[in-house]
Amino acid sequence: MSTTNKATIVHTPSFMDGDEFRVPVFKLLKQDGTAYKNAKLPDLDRDKALRIYRAMLFTRVLDERMLAAQRQGRLSFYMQCTGEEASIVGSTAALADEDMIMAQYREQGALAYRGFEVDEFMNQLFGNDRDYGKGRQMPVHYGSEKLHYMTISSPLATQIPQATGYAYGQKMAGQGHCTVTIFGEGAASEGDFHAALNMASVHQVPVIFLCRNNGYAISTPAHEQFSADGIAPRAFGYHMKVIRVDGNDILAVYQATAKAREWAVENNKPVLIEAMTYRLAAHSSSDDPSGYRSKKEEENWRDKDPVRRMRLWLESKGWWSEEEEKQEQETCRREVLEALKRAEKRPPPDLDTLITDVYETTTPQLIEQLEQLKSHIRKYPEAYPKGVKSLNAAKEGGENA
Amino acid sequence: MSTTNKATIVHTPSFMDGDEFRVPVFKLLKQDGTAYKNAKLPDLDRDKALRIYRAMLFTRVLDERMLAAQRQGRLSFYMQCTGEEASIVGSTAALADEDMIMAQYREQGALAYRGFEVDEFMNQLFGNDRDYGKGRQMPVHYGSEKLHYMTISSPLATQIPQATGYAYGQKMAGQGHCTVTIFGEGAASEGDFHAALNMASVHQVPVIFLCRNNGYAISTPAHEQFSADGIAPRAFGYHMKVIRVDGNDILAVYQATAKAREWAVENNKPVLIEAMTYRLAAHSSSDDPSGYRSKKEEENWRDKDPVRRMRLWLESKGWWSEEEEKQEQETCRREVLEALKRAEKRPPPDLDTLITDVYETTTPQLIEQLEQLKSHIRKYPEAYPKGVKSLNAAKEGGENA
Amino acid sequence: MPEMNMLKAINNALDTAMAADDKVICFGEDVGVFGGVFRATSNLQEKYGRARCFNTPLVEQGIIGFANGLAAQGSKPVAEIQFADYIFPAFDQIINESAKFRYRSGNLFNVGGLTIRTPYGGGISGGLYHSQSPEAYFAHTPGLKVVVPRNPHQAKGLLLASIRDPDPVLFFEPKRLYRASVGEVPEEDYQLPLGKAEILKEGDGITLLAWGAQMEMVDKAAELAEKEGISCEIIDLRTIVPWDVETVVESVFKTGRLLVTHEAPLTGGFAGEIAATIQQRCFLYLESPIARVTGLDTPFPLTLEKEYMPDHLKIFEAIKQSIDY
Amino acid sequence: MPEMNMLKAINNALDTAMAADDKVICFGEDVGVFGGVFRATSNLQEKYGRARCFNTPLVEQGIIGFANGLAAQGSKPVAEIQFADYIFPAFDQIINESAKFRYRSGNLFNVGGLTIRTPYGGGISGGLYHSQSPEAYFAHTPGLKVVVPRNPHQAKGLLLASIRDPDPVLFFEPKRLYRASVGEVPEEDYQLPLGKAEILKEGDGITLLAWGAQMEMVDKAAELAEKEGISCEIIDLRTIVPWDVETVVESVFKTGRLLVTHEAPLTGGFAGEIAATIQQRCFLYLESPIARVTGLDTPFPLTLEKEYMPDHLKIFEAIKQSIDY
Ligand SMILES: Cc1ncc(C[n+]2csc(CCOP(=O)(O)OP(=O)(O)O)c2C)c(N)n1
Ligand SMILES: Cc1ncc(C[n+]2csc(CCOP(=O)(O)OP(=O)(O)O)c2C)c(N)n1
Ligand SMILES: [Mg+2]
Ligand SMILES: [Mg+2]
């Protein structure tokens with residue numbers, strides 16, 4: 001039966017298009033770190049505030065250093081979170097640490113907040129023998145079971161309906177956990193987005209859809225991605241709660257997510273959050289944005305830097321100082337560089353990782369294919385330096401996790 | 001750049017969910033065939049009104065007869081339009097005859113209105129040698145190039161983004177034509193729906209998305225299909241004009257579509273129409289609705305019969321009478337039965353149709369496969385009665401179109 | 001032992017799996033109250049509640065995306081795709097996600113609990129879009145398992161094994177046999193092994209290899225051939241990936257001849273893979289070319305469906321050709 | 001004749017096609033102002049306007065759905081899928097729609113004007129999702145044509161032929177060669193035939209068959225083999241469907257040996273189809289089993305990519321094995 005029995009009746013054919021209403025933007029902090037008049041800031045104690053800020057700063061530094069490393073040819077590829085740290089870290093901080101995060105690729109701040117170690121980042125970036133992903137995916141495709149962070153997958157938007165399913169499982173398990181899935185405004189054009197939000201609403205699952213509307217999908221500006229006023233109004237099509245938030249405002253993101261989580265978990269219902277932000281860096285190390293956007297536009301957004309905004313707020317609270325900033329930056333830099341050096345020196349994953357994890361138990365066919373490969377590599381050792389190393393690594397044993 | 005620069009700002013985290021507004025239903029005619037007070041009826045002259053009514057009546061009769069034929073085992077499968085004739089014929093009547101229609105499967109009324117002949121229907125239903133589709137698709141998969149009616153395809157929703165593309169081509173051609181795509185509220189859950197509406201809005205094409213919200217997708221009621229107030233509010237996510245109309249009200253459907261078409265063609269912009277209606281019959285001849293809905297619910301909707309509503313209006317105008325009704329029904333019945341007899345007697349399509357139209361020019365491999373098949377059939381003629389007929393048909397020549 | 005048709009056996013397998021493990025969850029289009037358009041999930045919602053057996057919205061990519069997430073969480077989703085012809089909107093979720101989930105995460109996460117059930121195949125007047133046999137599309141995808149039962153007994157045992165298998169499994173059900181194939185099926189819980197072919201009949205003249213609904217055609221063709229004095233060894237592959245190379249190789253060592261049949265089009269069908277592997281493994285033993293009896297390289301037709309199908313007569317002719325080579 | 005790399009040649013082909021026929025329309029993710037992430041559509045928007053070269057929203061199923069409709073209307077869409085790994089969300093629109101449009105309508109409607117361009121293949125440190133070679137998925141689908149060029153000259157001539165071909169064509173571009181492969185390319189409009197393989201080198205010891213980026217590997221392997229006195233006949237298949245069976249058969253009649261190589265995984269890869277067909281057609285001529293040198297039956301890895309790839313050394317070894325059989 002149709003769900004629209006109680007609709008009002010009209011006798012003139014008038015069309016609506018959504019201009020009748022607008023989704024406002026929720027903001028708490030001004031760029032100078034002071035609160036808007038009437039804004040009631042969330043309860044955030046000093047420890048938590050500093051945990052958030054340190055994660056944001058670490059992410060910023062990691063991104064700077066690793067982009068530089070990529071430029072030096074030490075790394076094949078890199079993607080920065082720069083400009084979006086508040087959306088990522090602020091939302092993560094509002095979750096329970098056991099909540100599942102299913103992100104897109106630009107969300108390393110979430111891992112940083114949850115305590116992913118600098119060596120864990122580096123091992124993935126270099127795809128060495130300690131990479132949890134066993135050197136199979138490109139850099140930035142992190143995953144952590146213990147931190148409840150689903151391994152990143154390159155195909156866009158696939159994680160969005162998966163998040164709906166994951167959250168359904170959490171609801172069945174009844175332990176009060178939820179799932180947050182993070183994605184770009186570009187990915188939100190995929191069919192999987194529609195599937196995910198509709199199913200979440202129909203099946204009533206505790207999932208938070210967090211869209212980072214950062215203005216671009218590679219070179220494609222948001223206004224060539226959709227015609228509507230952002231992503232938020234799509235929620236009306238699913239009768240889903242929605243809030244739009246200034247994504248560069250750490251406190252607004254934190255508070256919106258906290259409320260969303262509370263509501264999602266208590267009611268087993270999905271929520272959509274649209275975080276308005278900007279990708280300050282290039283899309284990836286392979287990209288050059290000068291071909292599709294202006295320096296001036298970038299400058300405008302640099303003035304809204306979320307890290308600086310939070311620092312100014314912390315300083316206004318007396319929780320942070322110039323001195324501490326310098327020292328923390330220094331520490332981060334040093335840690336990143338040291339870890340980088342450790343990671344790039346490590347051997348490649350064991351050759352057997354070429355065929356493991358395809359199935360839980362490796363098939364005879366695969367074992368045969370590996371054996372052939374091994375004897376081939378032994379025949380042409382100079383042609384496969386990594387192959388030889390990974391053969392030997394296996395022989396030497398012990399060292400590999 | 002984000003499209004939401006001009007959003008208002010708030011400092012408390014309030015969530016919206018679309019309950020703030022509702023899409024009303026546009027109605028003109030009451031079930032007794034009289035107009036609502038304040039309702040301004042569209043200009044519809046007697047000829048056009050009767051063309052519409054005759055198409056609705058023909059569709060009703062065709063459906064009754066063919067379901068009966070299916071029950072008698074003369075036909076493998078059938079799907080009825082019953083209950084939705086006004087949505088289909090009313091919208092088609094508001095188009096230019098050259099506008100492209102890309103429908104789902106339950107829209108035979110559109111073809112009837114455009115003048116698809118009863119033999120054309122029958123040849124498709126029996127997949128005989130005169131079926132334009134050459135006996136390849138199941139019954140009701142009609143198509144007509146000359147009537148600008150795209151051949152039906154079983155996979156749901158695939159025609160929706162195709163309609164966007166077709167309309168883009170029409171816009172490029174600049175001849176003032178548009179495309180209408182018709183689909184169920186179930187099909188609207190597919191990813192292709194989201195893709196189609198978003199692209200239509202971004203690329204500004206003259207396409208009308210007409211959703212028949214008939215309450216069910218096979219056994220799945222609309223409230224297990226989506227949680228929102230129907231399909232209409234999805235338009236807000238695309239900043240697309242939308243109207244909801246009583247789908248059993250021929251005049252409201254006609255007028256809404258006429259306005260939508262005018263606007264679409266003049267502005268090269270898409271429009272969404274949601275027609276609220278009900279599938280009075282089973283999903284198809286393979287279905288039995290008693291397992292998932294009540295007789296009472298069906299009765300309620302039978303009272304809103306769109307064909308009767310139009311008849312009462314016509315009678316009130318003095319354009320139709322009991323006598324004419326009887327005669328017209330009689331004529332339709334006779335024509336259908338005669339055509340049915342003609343069609344079921346015709347031979348199967350030529351055996352060569354097994355391999356033609358796969359490519360524009362048939363490949364040598366396919367020709368070889370056909371030759372093998374032919375000699376096999378000649379070896380076992382009793383095993384392939386249709387094969388033998390279709391071989392002979394080819395030999396006798398001439399008869400096949 | 002009770003007699004069941006294949007639908008009943010599948011329904012019974014789902015019931016058995018749901019009773020044994022409350023992590024098993026069944027869903028798809030119309031699988032709830034209605035029990036699925038073929039009624040394979042009849043009564044499951046009544047018995048196990050709406051939370052464990054339910055209708056989804058009409059969106060295959062969503063059904064499998066949802067199922068992937070649910071499996072990653074640790075549940076055991078059994079997702080139904082209403083017809084195999086409609087599995088393609090979910091192709092990305094299956095090929096890029098289900099198949100690669102464990103590998104790409106280095107085994108941190110997996111969707112091993114996932115089973116996708118879907119009816120496939122022709123012979124029911126379904127035309128282009130209710131007749132396809134898409135197994136080969138999935139067989140080219142490392143990480144997936146692909147299983148096809150031939151009768152009710154196999155259907156129950158293989159489906160239970162699939163649901164409990166630690167890898168994602170596509171379970172193709174031969175819908176032509178849903179009601180046509182009837183046989184004895186144990187009431188109790190049992191599993192048949194994945195990855196193992198079954199030799200149904202021994203012989204030494206030619207090996208006939210198939211799966212699912214084609215087994216019936218093969219049986220009939222073998223009967224005709226035996227009458228002409230040709231001894232046939234009949235093998236049901238049962239699992240398409242990973243397939244049981246050794247059993248087939250052993251058989252061809254003995255018979256020196258192989259015929260493979262499937263309903264899907266010839267070009268790129270799985271018979272090609274089998275032929276390529278066997279000509280390599282059994283090169284010196286082959287007495288005639290490996291024969292393939294398959295659908296034509298066209299979409300599936302309607303009126304001339306019988307002519308299109310690789311039936312027992314076509315197989316019989318190919319057997320004779322192979323013997324007379 | 002000017003020298004061009006493959007990207008330039010493709011860009012030039014698109015330019016040529018758009019100049020000659022204003023029904024040609026190019027679109028896809030980032031193909032507008034930016035000219036595509038590889039820059040294959042550089043300057044086309046500037047030259048032909050936003051209406052004929054534009055960015056689409058990020059939705060592959062929409063891109064191909066839109067393209068199907070546009071082709072049915074009579075235009076000639078050239079849709080770009082940014083990486084072949086991301087073609088799967090559009091699989092339903094390609095397999096169930098593009099491929100079957102003409103057939104199901106009895107030729108009332110067709111999408112013959114459609115061309116889908118997409119970069120495929122490994123060797124660029126792309127890992128699982130920027131390295132796949134999915135041609136075999138499409139090769140199992142009657143109604144589609146599948147084309148793969150090996151160098152800039154071929155790329156321009158085959159792409160122009162694909163755009164003008166009356167059937168829907170998938171045009172897989174070997175992205176490893178985008179900048180690496182440089183050669184002379186005529187400025188003028190020319191076409192190379194679809195469905196025709198090209199014999200690049202005659203020989204009588206063994207036939208080496210491949211397409212796209214693997215041609216380079218084959219060339220190198222043949223050089224090594226020739227040094228050991230093995231005479232190789234090298235064939236570029238160029239069109240995967242419909243493939244040029246006769247040219248390959250003729251060659252194998254002469255050489256008695258065949259090796260096929262592709263990057264995609266072994267099981268279900270197109271080499272299987274070729275081997276199955278050739279063992280059937282050339283049974284009495286074959287002196288050793290048809291060899292397949294392919295990717296492993298795993299997803300595509302990153303760090304150990306070089307080890308994974310079916311390179312010239314692996315081909316060379318397989319050649320020797322075939323000769324020594
Ligand atoms: C299915 C799919 N299509 C295309 C791509 C290539 N691609 C990678 S990132 C990207 C843009 C994503 O934009 P958005 O979602 O806005 O995220 P952002 O990069 O802005 O964070 C594209 C097109 C992909 N990874 N997956
Ligand atoms: C992609 C796809 N999935 C599933 C089906 C099977 N199927 C045919 S009709 C139908 C229900 C469609 O419901 P709706 O769109 O509301 O149209 P209605 O039948 O109510 O007119 C389903 C599930 C299909 N044809 N295509
Ligand atoms: Mg973005
Ligand atoms: Mg419906």
### Query
Under a 4.5 Å heavy-atom cut-off, does chain C meet the side chain of B:Lys379, its backbone, both or neither?
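When you check distances to chain C, only side chain atoms of B:Lys379 fall under 4.5 Å.
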
### Task
Answer with side chain, backbone, both or neither: which region of B:Leu366 has an atom nearer than 4.5 Å to a non-hydrogen atom of chain C?
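The side chain, not the backbone.
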
Can you tell me which of [options] forms the most heavy-atom pairs within a distance under 4.5 Å of chain B?
| options | result |
| --- | --- |
| C:Leu128, C:Leu266, C:Thr267 | C:Leu128 |
| C:Val33, C:Leu58, C:Leu296 | C:Leu58 |
| C:Glu60, C:Lys306, C:Glu317 | C:Glu317 |

Heavy-atom distance under 4.5 Å to chain B: side chain of [X], backbone, both or neither?
| X | result |
| --- | --- |
| C:Phe300 | backbone |
| C:Asp85 | neither |
| C:Phe38 | neither |
| C:Glu305 | neither |
| C:Gln61 | side chain |

Out of [options], return the one with the most heavy atom pairs under 4.5 angstrom to chain C.
| options | answer |
| --- | --- |
| B:Ala157, B:Pro385, B:Ser286, B:Gly191 | B:Gly191 |
| B:Ala188, B:Ser76, B:Ala383 | B:Ala383 |
| B:His141, B:His376, B:Lys386 | B:His376 |

### Message
Using the rule salt bridge (charged side-chain N to carboxylate O under 4.0 Å, His left out), only one of B:Glu107, B:Glu274, B:Glu185 pairs with B:Arg212; which is it?
### Response
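In the set B:Glu107, B:Glu274, B:Glu185, the residue that makes a salt bridge (charged side-chain N to carboxylate O under 4.0 Å, His left out) with B:Arg212 is B:Glu107.
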
### Message
If you count heavy atoms of other groups shown closer than 6.0 angstrom to CD of C:Glu226, is the number above 12?
### Response
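Yes, enclosed.
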
### Task
May I ask you to check whether over 12 heavy atoms, not counting those of C:Lys314, lie within 6.0 Å of atom NZ?
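Yes, because the 6.0 Å sphere around NZ of C:Lys314 holds more than 12 heavy atoms from other groups.
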
Identify whether the distance between the nearest side-chain nitrogen and carboxylate oxygen of [X] and [Y] falls below 4.0 Å.
| X | Y | value |
| --- | --- | --- |
| B:Lys389 | B:Asp129 | no |
| B:Glu120 | B:Arg130 | no |
| B:Lys374 | B:Asp352 | yes |

### Task
Test salt bridge (charged side-chain N to carboxylate O under 4.0 Å, His left out) on B:Glu344 and B:Arg74 and set out the steps.
CA-CA 8 Å; B:Glu344 68 184 351; B:Arg74 294 164 81 177; 2.7 Å; yes

### Query
Which atom names give the shortest non-hydrogen contact between B:Ala103 and B:Gln159, and what distance separates them?
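Closest approach of B:Ala103 to B:Gln159: O-NE2, 3.6 Å.
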
### Task
Flag the pair B:Leu370 / B:Leu351 as yes when at least one side-chain heavy-atom distance between them is below 4.5 Å, and no otherwise.
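Yes, side chains in contact.
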
